[in-house]
Amino acid sequence: MDEQFDCIIVGGGIAGLSAAMTLARAGATFLLVERGEWSGAKNVSGGVLWGTDLHRLVPNYWEEEDGGWERFVNHRRLTLMDAGGAFSLDFKSDHFDAPPYTGVTVLRSRFDAWLAGKVDEAIAASPKPDESFLATDILVESVIVDESGAATGIRAGGDEFHARCVILAEGVNNLLARQVGLEKEYVPADHVAVGVKEVIRLGRETVEDRFQLRGRSGLTNEFVGAATDGIDGGGFLYTNTESLSVGLVIGMAALRESGRTPYDLLNAFKAHPAVADMVRGGETVEYSAKVVSTGDIRGVPREVYMDGLMIAGEAAHLVLNAGRAIQGMDYAMRSGILAAETALEAVEAGDTSSAQLQRYRQRLDESYVMQDMKAFQGAVHLLHSPHMTGALPRMACDFGREFFTVDNEPTRKATAILRDVRKQHIGLVDFLKLGASAARHL
Amino acid sequence: MNPDPGTPNLLSLAERLGRVAYRNQGRSEARPHIVVDTAICNSGCPHKCTTYVCPANCYTLDEMNQVHFQFEDCIECGTCMYACDQGAVAWSYPDPEAGRGVNWQRG
Ligand SMILES: Cc1cc2nc3c(=O)[nH]c(=O)nc-3n(C[C@H](O)[C@H](O)[C@H](O)COP(=O)(O)OP(=O)(O)OC[C@H]3O[C@@H](n4cnc5c(N)ncnc54)[C@H](O)[C@@H]3O)c2cc1C
Ligand code: SF4
Ligand code: SF4
């Protein structure tokens with residue numbers, strides 16, 4: 001093919017499709033190549049897409065009868081667990097109930113396919129409907145780099161395709177970012193985690209009754225402590241339309257140390273009394289696993305652009321998990337949009353050199369993505385400290401067991417219980433340090 | 001005692017993998033997308049961690065404590081690419097036509 005696209009996008013996940021939508025709307029020509037049989041066929045997430053960017057990409061998406069999303073989040077819970085107890089911070093508010101919602105649960109195989117359909121519609125409505133394509137079931141083998149070191153296209157399925165610039169949106173296992181040298185050839189276990197998950201079908205009515213949901217409202221619950229048996233990481237349980245997404249994210253280095261298997265840990269999590277009561281009677285319809293970045297900024301490649309190329313989404317390890325939520329999909333969405341905006345500007349200027357594409361880095365730095373990643377690094381490290389999965393959840397549960405138990409004995413005041421519980425689990429200095437660190441970083 | 005202990009349905013790994021939709025299941029010979037140099041595993045690897053961190057148990061130990069690898073059950077998660085720090089794992093994506101790999105139905 002001699003024809004040159006304005007842009008080639010590698011990967012039809014959230015980052016790639018968000019970039020594609022932005023290009024289609026602006027009337028640019030592009031080729032998006034996805035290795036899955038359909039967009040979403042290769043993708044796994046826990047399942048909450050946070051923020052309101054979806055409304056930017058697909059205005060009023062909630063009005064559609066059968067949109068690609070599952071439930072909007074109006075009830076959030078963070079649970080500290082020990083072996084038998086669960087102490088939760090629980091928040092529900094009617095301010096979550098009105099669109100544009102600030103979080104929706106998704107199952108990626110459906111959601112990505114739906115979003116790809118929306119991109120197809122945008123291509124059809126663009127001034128050049130026959131010059132942009134979403135191509136699935138094709139693996140991009142390599143990026144074409146010319147003698148000057150600039151990316152000029154891709155090799156896929158035995159063919160070469162050329163473009164003024166390339167956006168790598170290939171996800172966390174970023175082989176092409178490694179090929180062009182923006183990512184290290186071997187990425188060690190330190191800044192990644194392994195996610196394992198089951199989708200458990202309960203039926204729509206049971207989901208709604210059991211979790212006190214109404215219409216399309218939904219609950220998100222994150223867990224730390226015994227969820228991973230004290231190993232660095234945490235658990236999640238999210239409500240879909242008629243099923244639950246239940247899983248663990250386990251620090252890769254810690255898992256390697258522990259000698260445990262992710263699937264046994266997942267069974268132990270499901271068997272915890274608090275979780276068992278939520279999944280009871282359900283039928284596991286899918287088991288999946290995927291690597292996920294931890295949100296440690298040291299995992300982000302040294303640079304996210306070069307001559308003729310930008311990296312968006314988790315291919316650039318843009319993820320934040322600072323205890324509030326796992327944010328990878330919203331970061332993928334925003335960075336995909338920003339990369340596409342930079343591509344449009346560069347094509348317009350007739351210059352796709354790194355001098356021009358560094359605007360992508362600037363845009364990222366100015367956006368909430370890099371601002372939050374930078375501001376919450378302390379929280380990320382705090383979350384991975386052993387106290388967070390060990391002493392703290394045990395303290396909370398010991399406190400809860402005494403505070404919430406009414407028996408026919410004289411009752412101790414909360415401060416006295418707290419003091420005792422603290423002494424049993426953590427030294428005073430460590431406790432004060434933990435408190436100070438939490439106050440500083442959260 | 002609680003009359004209903006509420007034991008959830010806990011599945012074995014084999015039962016779990018039975019719920020994965022793999023591609024090219026009918027093919028007798030699929031092209032491997034991950035190649036493991038088991039000579040490295042079996043000569044100097046101090047932890048053999050892939051035999052327990054792989055979520056699909058593609059790396060197994062025999063009675064002689066030797067590591068074996070099969071790619072057919074692989075669910076393309078990427079874990080072994082990071083977990084192996086011995087340089088034994090050459091990792092890539094399955095070929096859509098000739099390879100194995102997954103078709104997530106939910107994801
Ligand atoms: C267990 C788990 C729970 C998570 N929970 C959440 C959560 O609740 N909320 C949240 O926001 N994030 C969550 N995340 C993180 C989130 O899923 C990712 O950060 C997000 O999917 C990244 O999007 P992406 O578009 O960058 O990459 P991906 O979604 O991985 O998409 C990359 C795409 O590129 C394709 N591709 C790759 N290489 C090639 C190639 N060579 N040729 C052609 N196509 C290629 C892939 O098939 C894929 O479709 C979770 C992750 C895991 C594993
Ligand atoms: S960690 Fe690497 S070298 Fe060790 S057994 Fe696993 S694949 Fe082989
Ligand atoms: S990619 Fe994941 S499932 Fe496949 S062999 Fe490696 S660890 Fe196992």
Side-chain angles (χ1 to χ4, degrees), chain A residues 35-38 40-45 106-112 136-139 157 172-173 175 186-190 192 194-196 198-200 240 243 245 252 255-256 259-264 267 270-271 273 275-291, chain B residues 2 4-21 23-24 33-34 46-59 73-87 89-99 101-107:
Chain A
R35 68 188 185 89
E37 207 173 315
W38 61 89
K42 297 293 189 186
N43 300 339
V44 176
S45 84
V106 298
L107 292 168
R108 294 292 299 279
S109 184
R110 277 191 66 213
F111 179 79
D112 292 15
T136 55
D137 219 12
I138 299 173
L139 178 71
V172 62
N173 299 321
L175 302 185
Y186 170 65
V187 177
D190 312 359
V192 292
V194 47
V196 281
E198 280 184 17
V199 176
I200 301 177
N240 302 313
S243 64
S245 290
M252 181 84 71
L255 182 66
R256 194 164 62 189
R260 310 280 295 273
T261 71
Y263 36 91
D264 288 342
N267 268 348
K270 279 175 66 185
V275 181
D277 279 345
M278 295 196 259
V279 303
R280 189 188 328 120
E283 181 203 357
T284 298
V285 289
E286 191 165 78
Y287 166 73
S288 57
K290 181 79 195 276
V291 163
Chain B
N2 184 344
D4 176 9
T7 317
N9 217 351
L10 300 183
L11 304 182
S12 68
L13 182 64
E15 290 170 316
R16 282 174 162 148
L17 296 180
R19 285 161 174 76
V20 173
R23 296 197 70 175
N24 297 326
H33 57 286
I34 299 173
H47 47 64
K48 299 187 170 164
C49 71
T50 42
T51 61
Y52 54 87
V53 300
C54 167
N57 199 27
C58 294
Y59 297 77
D73 284 345
C74 171
I75 51 179
E76 304 180 57
C77 70
T79 298
C80 54
M81 170 165 51
Y82 306 85
C84 176
D85 53 6
Q86 309 289 311
V89 177
W91 200 94
S92 63
Y93 291 113
D95 181 274
E97 247 172 73
V102 291
N103 262 346
W104 297 124
Q105 303 298 304
R106 293 173 178 83

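Basis for what follows: all heavy atoms, side chains included, without hydrogens, waters or symmetry-related copies. Naming: A, B, ... by sequence-line order, numbering from 1 per chain.
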Part of B:Val53 within contact of chain A (heavy atom distance under 4.5 Å): both
Under 4.5 Å from a heavy atom of chain B, the part of A:Val199 involved: side chain
Chain A contacts, top residue of B:Gly101, B:Pro96, B:Ala83 (heavy-atom pairs, under 4.5 Å): B:Pro96
Inter-residue atom distance A:Met278.CE - A:Lys270.NZ, 0.5 Å rounding: 13.0 Å
For chain B, the option from A:Gly40, A:Gly36, A:Ala41 that forms the most heavy-atom pairs under 4.5 Å: A:Ala41
Point-to-point distance, once rounded to the nearest 0.5 Å, from NZ of A:Lys290 to NZ of A:Lys42: 10.5 Å
From CA spacing to verdict: side-chain contact (heavy atoms from CB on, under 4.5 Å), A:Arg256, B:Tyr52: CA-CA 8 Å; A:Arg256 194 164 62 189; B:Tyr52 54 87; 4.2 Å; yes
Option that, when pairs with chain A are counted at under 4.5 Å, heavy atom only, ranks first among B:Glu97, B:Arg23, B:His47: B:Arg23
Rounded distance (nearest 0.5 Å) linking atom OH of A:Tyr186 with atom CH2 of B:Trp91: 14.0 Å
Residue selection (most heavy-atom pairs with chain A, distance under 4.5 Å) from B:Ala56, B:Gly87, B:Cys84: B:Cys84
Separation of B:Ile75 CD1 from B:Leu17 CG (nearest 0.5 Å): 6.5 Å
Heavy-atom closest contact (A:Ser243 atom, A:Leu107 atom, distance): OG-CD1, 4.4 Å
Side chain / backbone / both / neither for A:Tyr263 at chain B, heavy atoms under 4.5 Å: both
Salt bridge A:Arg35-B:Glu76, side-chain N to carboxylate O under 4.0 Å: yes
Spacing of SG belonging to B:Cys74 relative to CG belonging to B:Asn57, to within rounding of 0.5 Å: 12.0 Å
Toward chain B, the part of A:Val172 with a non-hydrogen atom under 4.5 Å: both
A:Pro188, part contacting chain B, at a heavy-atom distance under 4.5 Å: backbone
Contact class of A:Val285 relative to chain B, heavy atoms under 4.5 angstrom: both
Under 4.5 Å from a heavy atom of chain B, the part of A:Ser288 involved: both
Most contacts with chain B, counted as non-hydrogen pairs under 4.5 angstrom, among A:Ser45, A:Gly259, A:Ala189, A:Gly195: A:Gly259
CD/B:Glu15: more than 12 non-hydrogen atoms of other groups inside 6.0 Å: yes
For chain A, the option from B:Cys49, B:Pro55, B:Gly78 that forms the most heavy-atom pairs under 4.5 Å: B:Pro55
Contacting region of A:Leu139 [heavy-atom separation from chain B under 4.5 Å]: both
Max heavy-atom pair count under 4.5 Å with chain B, selected residue of A:Asn240, A:Ile200, A:Leu175: A:Leu175
A:Asn43, part contacting chain B, at a heavy-atom distance under 4.5 Å: backbone
Main-chain N/O of B:His33 paired with B:Ser92 side-chain donor or acceptor, under 3.5 Å: yes
Stepwise side-chain contact (heavy atoms from CB on, under 4.5 Å) test for A:Val291 and A:Asn173: CA-CA 8 Å; A:Val291 163; A:Asn173 299 321; 4.1 Å; yes
Portion of A:Ile138 that has a non-hydrogen atom of chain B nearer than 4.5 angstrom: backbone
